[in-house]
Amino acid sequence: MRKTIFQIIKASAAAIVISLLFVLIFTLIIQLFSLPTTAVKPVNQVFKTVSVAAGGLIFIRGDKGLLKGAIYGLIAVLATYLLYGLISRSLSVSWTFAIEIVLGIVAGAISGVIAVNIKKGA
């Protein structure tokens, strides 16, 4: 049980850090190339989904990959949502947030299943 909790915590933390790195790089790109602000939300969603998938592939092992992945996907999405909300000083819940949660859970579940089925040393 303890091992499972640590895997979920590490995968969530990795997803958050990766997402923040993506956002920082994208912010620099926006500043350099004057991209339209309408591109920000969809690109951030892709970043969050990829980050959740990466966190699971890095840290989820053992069994119950679907469950572990879904849990850490949910935690990572909620944590990044709160973190981005605090950074931008605006938290608003909308139907897009529900979609974001579903995407995070699905990305986490899929990456969890893949991660537990990857053979060690492969």
Side-chain angles (χ1 to χ4, degrees):
M1 181 70 164
R2 175 183 258 180
K3 188 175 178 181
T4 298
I5 292 170
F6 282 126
Q7 285 181 10
I8 290 170
I9 291 170
K10 289 190 286 188
S12 298
I16 294 165
V17 169
I18 293 167
S19 179
L20 283 172
L21 290 174
F22 279 150
V23 168
L24 287 172
I25 292 168
F26 186 58
T27 301
L28 180 64
I29 291 170
I30 288 173
Q31 295 296 319
L32 290 174
F33 298 107
S34 300
L35 296 175
T37 57
T38 56
V40 173
K41 284 191 179 189
V43 172
N44 278 343
Q45 187 57 50
V46 170
F47 289 160
K48 287 180 186 180
T49 304
V50 170
S51 299
V52 168
L57 291 173
I58 295 168
F59 288 109
I60 300 297
R61 296 288 178 259
D63 59 352
K64 299 180 185 174
L66 183 70
L67 181 61
K68 289 178 190 177
I71 292 170
Y72 98 81
L74 175 65
I75 292 169
V77 167
L78 292 175
T80 55
Y81 186 78
L82 288 173
L83 185 61
Y84 292 160
L86 291 172
I87 290 170
S88 68
R89 294 187 180 138
S90 68
L91 283 172
S92 62
V93 178
S94 65
W95 64 272
T96 56
F97 180 56
I99 293 171
E100 195 172 314
I101 289 173
V102 170
L103 284 174
I105 291 171
V106 169
I110 291 170
S111 68
V113 168
I114 292 169
V116 299
N117 287 301
I118 293 175
K119 295 185 183 204
K120 290 184 179 178

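Bear in mind the structure is a predicted one, so any value in this text is a computation, not a measurement.
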Not counting sequence neighbours, list each pair that qualifies as a salt bridge (Lys or Arg N to Asp or Glu O under 4.0 Å) and has a residue in [range].
range	answer
residues 15-34	none
residues 24-38	none
residues 80-96	none

Measuring from [X]:[atom1] to [Y]:[atom2], what's the distance to the nearest 0.5 Å?
X	Y	atom1	atom2	answer
Ile105	Ile71	CD1	CD1	10.0 Å
Ile75	Thr80	CD1	OG1	11.5 Å
Ile114	Leu66	CD1	CG	11.5 Å
Leu82	Ile87	CG	CD1	11.0 Å
Asn117	Arg61	CG	CZ	10.5 Å
Leu67	Ile8	CG	CD1	7.0 Å

Extract all donor-acceptor atom pairs below 3.5 Å that involve side chains of residues 17-24 and protein atoms in other chains or at least two apart in sequence.
{"residue": "Ser19", "atom": "OG", "partner": "Tyr84", "partner atom": "OH", "Å": "2.4"}

Given the rule that I, L, V, M, F, W and Y join up when any side-chain heavy atoms are under 4.5 Å apart, are [X] and [Y] in one cluster?
X	Y	answer
Leu57	Ile110	yes
Ile29	Phe47	yes
Ile58	Phe6	no

Non-neighbouring partners of [X] that pass side chain to side chain contact (heavy atoms under 4.5 Å, CB included), sequence neighbours left out:
X	value
Phe59	Lys10, Ala11, Ala14
Val46	Val50
Ala53	Ser111

Checklist line | Exam field: side chain Tyr72 to backbone Gly56, donor-acceptor pair closer than 3.5 Å | finding: yes

Notebook entry, point to check: What is the minimum heavy-atom distance between Ile60 and Gly65, and which atoms define it?
Noted result: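 Where Ile60 meets Gly65 most closely, the heavy atoms are CG2-CA, 4.4 Å.
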
Checklist line | Residues clustering with Met1 (ILVMFWY side chains joined when closer than 4.5 Å, directly or via others) | finding: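 Other cluster members: Ile5, Ile9.
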
Note to self: Starting from Leu86 and following side-chain heavy-atom contacts under 4.5 Å between hydrophobic residues (I, L, V, M, F, W, Y), which residues can be reached?
What the structure shows: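 When side chains under 4.5 Å apart are linked, Leu86 ends up in no cluster with other residues.
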
Next item on the list: Name all residues meeting the side chain to side chain donor-acceptor pair (under 3.5 Å) criterion together with Thr38; count only those two or more places apart in sequence or in a different chain, and write none if there are none.
Entry: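 None.
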
Next item on the list: Could I get the full list of side chain to side chain donor-acceptor pair (under 3.5 Å) partners for Ser51, not counting sequence neighbours?
Entry: none

Ignoring hydrogens and angles, write down the donor-acceptor pairs under 3.5 Å from the side chains of residues 94-103, residues two or more places apart or on other chains.
{"residue": "Ser94", "atom": "OG", "partner": "Thr96", "partner atom": "N", "Å": "3.4"}
{"residue": "Ser94", "atom": "OG", "partner": "Thr96", "partner atom": "OG1", "Å": "2.7"}
{"residue": "Glu100", "atom": "OE2", "partner": "Lys48", "partner atom": "NZ", "Å": "2.6"}

